[in-house]
Structure formats: structure tokens, C-alpha cells
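Please read the structure below before turning to the comments.
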Number of protein chains: 2
Amino acid sequence: MLTFTEENYLKAIFKLSSKKIDGVSTNSIAEELSTKASSVTDMIKKLSDKKLVKYKKYQGVSLTKKGKQIAVSIVRNHRLWEVFLVEKLNFKWDEVHDLAEDLEHINSEKLTDQLDAFLEFPKYDPHGDPIPDKDGNVYNHKDETLADLQKGEKGIVVGVKEHSKSYLKYLESINLVLGAEIKINDIVEFDNSMSISVNKKTVNISHQASKNLIIKK
Amino acid sequence: MLTFTEENYLKAIFKLSSKKIDGVSTNSIAEELSTKASSVTDMIKKLSDKKLVKYKKYQGVSLTKKGKQIAVSIVRNHRLWEVFLVEKLNFKWDEVHDLAEDLEHINSEKLTDQLDAFLEFPKYDPHGDPIPDKDGNVYNHKDETLADLQKGEKGIVVGVKEHSKSYLKYLESINLVLGAEIKINDIVEFDNSMSISVNKKTVNISHQASKNLIIKK
DNA sequence: TTTAATTTTTAGATAAGTCTAAAAATAAGA
DNA sequence: TCTTATTTTTAGACTTATCTAAAAATTAAA
């Protein structure tokens with residue numbers, strides 16, 4: 001059995017791995033977990049002893065098959081709990097992350113599978129992130145964002161690339177929730193801000209905001 | 001914020017307090033938590049510093065108002081999660097304890113209250129133990145057990161005093177579940193075992209088993 | 001390619017929770 | 001009451017996860 005902390009390291013390495021092909025750096029893990037590089041080195045040695053990560057000094061780190069399995073199952077837990085909190089307990093999409101961070105560490109395959117069934121096997125969490133299936137397969141959205149659309153094009157909101165409370169609250173306030181239909185009215189060339197239509201209302205949205213909204217055409 | 005361990009100590013002291021009027025002994029806490037008396041002494045000092053327990057050397061320990069509040073809220077969490085696991089996720093009553101031991105430590109008043117509402121404000125957990133309300137009030141069953149009934153009397157199963165897997169499984173195998181109606185056919189004077197009727201079937205039950213089954217006449 | 005900057009690792013310390021073994025206090029028995 | 005037995009506490013040590021500060025390795029720049 002792994003500690004809470006060990007599991008969080010695996011999850012962090014998994015998250016960072018998806019962005020980089022080669023080994024993940026000590027520093028990036030430290031930043032992801034708000035800790036120090038020296039602490040990361042210590043922990044990586046431990047995870048390496050347990051054959052959960054591949055590690056060579058100064059060369060970065062990557063997950064072994066076993067380590068990846070564990071990381072994915074934690075992500076699966078996390079996202080299923082988020083669905084539960086939003087769908088069943090009426091939480092808002094900006095309120096569930098911290099609770100799911102705790103709930104994800106409750107390790108019981110039966111619990112996870114029963115929860116999955118109870119929620120009727122959801123494919124995505126409340127932020128549009130894909131929920132890994134029982135075998136650990138994850139089907140990510142294509143990385144097309146609102147910022148990639150041209151004037152006149154239409155799209156549907158399917159996810160977010162930024163999960164901060166403030167961003168999520170902002171999106172909700174202008175009805176940019178999952179499933180919302182968007183039409184691009186205009187793009188300001190100067191700062192790439194957009195005038196868009198959502199729910200028959202027109203709003204302006206900054207580039208900073210539009211490039212974090214995942215869209216399906 | 002308290003650690004997992006600190007919370008477990010408070011819960012243990014709360015449990016033991018309900019059986020004794022004066023201070024709870026170091027040894028009994030050690031036994032309850034499967035740890036050593038010396039560890040208990042150390043932790044009690046810490047909890048005392050935090051004003052969660054009243055403690056005088058060699059005189060045992062008792063919860064302060066604040067300590068009791070925390071303990072009760074953990075018990076509330078525990079029992080609500082047990083209801084969730086049984087009612088919503090189809091767990092058996094002998095499978096939920098360990099999971100609830102983990103889930104109970106997720107501290108969020110909102111989570112607890114929303115869960116309570118989602119479950120439609122249950123009064124008892126799957127073992128018949130009362131669920132403390134939001135204000136910390138607990139309404140225990142009268143301590144009348146099957147062993148207290150006389151020949152010819154009838155009763156309804158409302159709870160158990162022993163929570164082991166083996167006992168719970170055994171009860172279920174003879175249909176002695178919450179709500180079951182029992183009639184005492186006969187009592188063997190020699191060993192106080194009983195012949196009883198449940199669901200129109202007749203079974204024999206030992207004194208050891210009957211004295212742990214809480215009954216309402 | 002040699003020096004400078006950055007990243008990573010080591011060394012040594014700290015805090016939490018635990019343990020064993022021994023000392024101190026309390027309770028029980030003759 | 002005095003001695004023995006039991007309970008509780010103290011002392012010192014260990015483990016896990018963390019930190020700071022300094023050393024080592026790698027990368028970047030002149």
C-alpha cells in the first residue's frame with residue numbers, strides 16, 4: 001500500500017508526462033506539488049525502489065507500467081467523485097476539486113466500480129476531462145480551443161484547460177458551461193479578444209479566456 | 001485542522017466515554033486503537049494542548065466540549081457514508097466499515113450535509129446505529145437485546161452490539177436483518193440458547209449471538 | 001571550450017507518530 | 001500498613017516526509 005503522499009507524486013508525474021515525451025524534471029514535479037526539489041529527489045528514490053518510476057540521477061523520471069496504472073486509477077477515482085459531487089450532491093463545478101483530491105485516495109476497486117455504475121458510467125467529469133475506463137484507457141479531447149476558431153465559425157464547449165475557481169466561476173457567469181453553443185461574431189486583431197454569441201446573448205471574451213476553453217466544431 | 005490520527009483518538013475516547021462516566025483510561029484507548037499505552041500518553045498530551053481533552057496525569061482523560069463536537073461529527077460522517085454505500089452502491093452491511101473509516105475523515109460540512117439530504121436524512125445506519133443530527137444529538141436505542149426476551153415474546157431487530165464481519169454475515173444468513181420479526185419459541189436453560197422463528201422459519205441461536213442483537217418489543 | 005548559470009543531489013535537521021524498556025505512580029492483597 | 005502487581009508515564013530511538021544550505025552535475029553562454 002502507498003501513502004497519500006506517494007500517490008500524489010505518481011499523479012503529478014503522470015500529469016506532467018502527458019505534456020512531455022522524455023523524463024519529467026525534478027523541478028517541475030516540485031512546482032506541481034508546491035514542494036522543494038530536494039524533497040522530490042528523496043521521494044523519487046523511494047518510488048524507484050518500489051519499481052513505480054524509472055529514475056537515473058540528473059536524467060529525470062518516468063512512470064513504470066505499474067506506476068502508471070496506479071496514477072490512472074487515482075485520476076479515475078478523482079473524476080468519478082467529481083461527477084458524483086456535481087450530479088448527485090448539487091455541488092458547482094468550481095467547488096469539487098479539493099474534495100475529490102481527498103476522495104481519490106480511498107482505494108477500493110469495488111467502491112470505484114460501484115460508483116461508476118451508480119453514475120451510469122460517465123465518460124467525462126464536470127470539467128470535460130475524460131474519465132479513464134477500468135482498463136486505464138483515457139480518451140482525451142482534441143486540443144482545439146475557442147481561440148483557434150475563425151470569425152463566423154460555430155463550436156460546442158466540451159472542456160477547460162484551466163481549472164481555477166475564478167475561471168470556472170467566470171465561465172458559468174456568462175453561460176459558457178459544458179455543451180454551450182458558441183458562434184464567433186468578431187475577432188479583435190489587436191488583442192485577439194472575441195465577440196461571441198452564447199444562448200442568444202453576445203459577450204466579449206479575452207484571448208486568455210478563449211485559449212483555455214476546449215471546443216468541438 | 002486535525003490529522004487523521006488525532007481524529008481517531010477523539011473518536012476512540014468518545015466511544016469509550018459512552019460506557020464509562022469518569023475518565024477513560026490510557027490502556028483502554030490503547031486497546032481500542034491497537035497501539036501502545038506510551039503512544040496514547042503522547043497523543044493525549046497533544047490533544048490536551050489543543051484543548052480537545054481534559055487530562056490529568058494518571059487520572060484518565062475526557063473530551064472537552066470542542067473535542068466531543070469533533071468526535072460526534074466524525075461518527076455522523078461515518079454512519080452517513082455507511083448508509084450511502086449500502087443504499088446507493090449496493091454494498092452488504094458487513095462490507096462497509098473499513099471504507100467508512102476512511103471516508104469519515106473527509107472534513108467538509110457542506111459535503112456531509114448534502115450527503116445527508118441526498119440520503120433523505122436517515123436516522124440509523126445499516127447496523128441500526130443512530131446517526132447524530134447536525135447539532136450533535138444522538139438518540140441511542142434502548143439496550144434491550146434478544147437475550148432479554150422471554151419464551152413466547154415477540155420483537156423486531158433494530159440493531160447490533162457487535163459489528164464483526166463474521167457476526168453480521170451469520171445474522172444475514174439466517175435472515176436476522178434490520179426489521180426482521182422474531183418470536184421466541186423456547187429457551188434452553190442450560191446454555192441460554194434459543195429457538196426462535198424468523199420469516200416463518202425456525203432457527204437456533206446461541207446466547208453469545210442473542211445478547212448482541214438489539215430488539216424492540 | 002571554458003566559464004557562468006541552472007538544475008539536481010547530498011548532508012544534516014526537524015516534526016509527527018510510533019515503539020521498547022525502564023521509572024514512577026496508583027491500586028490491590030496479605 | 002507494607003509489599004506486590006498493575007497502570008501510566010518518561011526517556012530515548014526509529015521512520016516518514018519535509019526543509020535549508022551546500023556540493024555536484026548538467027546546460028547555456030561567451
Side-chain angles (χ1 to χ4, degrees), chain A residues 1-14 16-17 19-63 67 70-71 74 101-102 104-105 107, chain B residues 1-14 16-17 19-63 67 70-71 74 101-102 104-105 107:
Chain A
M1 268 301 301
L2 301 178
T3 67
F4 196 96
T5 311
E6 289 169 326
E7 291 191 347
N8 281 335
Y9 271 87
L10 292 179
K11 196 171 51 132
I13 296 165
F14 177 70
L16 296 168
S17 302
K19 289 167 193 167
K20 295 202 168 181
I21 300 155
D22 47 342
V24 176
S25 77
T26 304
N27 254 3
S28 64
I29 297 170
E31 196 187 7
E32 174 72 25
L33 294 173
S34 303
T35 183
K36 297 295 151 74
S38 54
S39 307
V40 173
T41 303
D42 286 347
M43 178 56 85
I44 280 172
K45 282 177 185 166
K46 211 208 303 183
L47 294 174
S48 183
D49 290 345
K50 294 188 178 186
K51 311 247 188 257
L52 300 171
V53 301
K54 283 183 282 255
Y55 170 62
K56 274 191 185 154
K57 277 188 193 176
Y58 296 100
Q59 304 306 132
V61 69
S62 62
L63 294 175
I70 294 171
I74 297 168
E101 287 286 288
D102 289 339
E104 71 188 10
H105 297 288
N107 289 310
Chain B
M1 266 304 298
L2 300 179
T3 66
F4 196 97
T5 311
E6 290 171 325
E7 290 190 347
N8 281 334
Y9 271 88
L10 292 178
K11 196 170 54 132
I13 297 165
F14 177 70
L16 296 167
S17 303
K19 290 167 191 167
K20 295 201 168 182
I21 301 157
D22 46 343
V24 176
S25 77
T26 302
N27 255 0
S28 64
I29 297 170
E31 197 188 7
E32 174 73 24
L33 294 173
S34 304
T35 182
K36 296 294 151 73
S38 54
S39 306
V40 173
T41 303
D42 286 346
M43 179 55 86
I44 281 172
K45 282 178 185 165
K46 213 211 298 186
L47 294 174
S48 182
D49 289 346
K50 294 187 176 184
K51 310 247 189 259
L52 299 171
V53 302
K54 282 183 283 254
Y55 170 61
K56 275 191 183 151
K57 276 188 193 175
Y58 296 100
Q59 305 306 131
V61 68
S62 62
L63 294 174
I70 294 171
I74 297 168
E101 286 286 290
D102 289 338
E104 71 187 8
H105 297 289
N107 288 309

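On a predicted model such as this, the values are computed, not experimentally measured, just so you know. Residue numbering restarts at 1 for every chain, and letters A, B, ... go by the order of the sequence lines.
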Query raised in the report: B/Tyr58: what forms a ring-ring contact (aromatic ring centres under 6.0 Å, His included) with it, not counting sequence neighbours?
Result: none
Requested in this report: May I ask you to decide if A/Ile44's main-chain N or O and A/Ser48's side chain share a donor-acceptor pair within less than 3.5 Å?
Outcome: no
Report task. Ignoring backbone atoms, test whether A/Lys45 places a side-chain nitrogen or oxygen under 4.0 Å from the OP1 or OP2 oxygen of C/dT10. Result -> yes
Query raised in the report: With B/Lys50, which residues qualify under side chain to side chain contact (heavy atoms under 4.5 Å, CB included), at least two apart?
Result: B/Leu2, B/Glu6, B/Lys46, B/Leu52
Query raised in the report: Any side-chain hydrogen bond (donor to acceptor under 3.5 Å, both in side chains) pairs touching residues 23-32 of chain A, not counting sequence neighbours?
Result: A/Lys15-A/Glu32, A/Ser25-A/Ser28
Requested in this report: Could you check whether A/Tyr55 gets within reach of a base, just the sugar-phosphate, or nothing at all, counting any heavy atom under 4.0 Å?
Outcome: sugar-phosphate
Query raised in the report: Can you check whether A/Thr3 has a side-chain N or O nearer than 4.0 Å to OP1 or OP2 of D/dT16?
Result: no
Query raised in the report: To the nearest Å, how far apart are A/Glu31 CD and C/dT6 P?
Result: 16 Å
Report summary line: Sorted by chain and residue number, the side chain to side chain contact (heavy atoms under 4.5 Å, CB included) partners of A/Lys36 (sequence neighbours excluded) come out as A/Ser38, A/Ser39
Requested in this report: Determine, for nucleotides 18-26 of chain D in 5'-to-3' order, which nucleotides have protein heavy atoms under 4.0 Å from the base (write B), from only the sugar-phosphate (write S), or from neither (write -).
Outcome: BBBB--BSS
Query - Contacts of B/Lys57 that satisfy side chain to side chain contact (heavy atoms under 4.5 Å, CB included) - sequence neighbours left out - result: B/Tyr55
Query raised in the report: What integer distance in Å separates B/Ile29:CD1 from D/dT7:P?
Result: 14 Å
Query raised in the report: OP1, OP2 of C/dT6 versus side-chain N and O of A/Asn27: anything below 4.0 Å?
Result: no
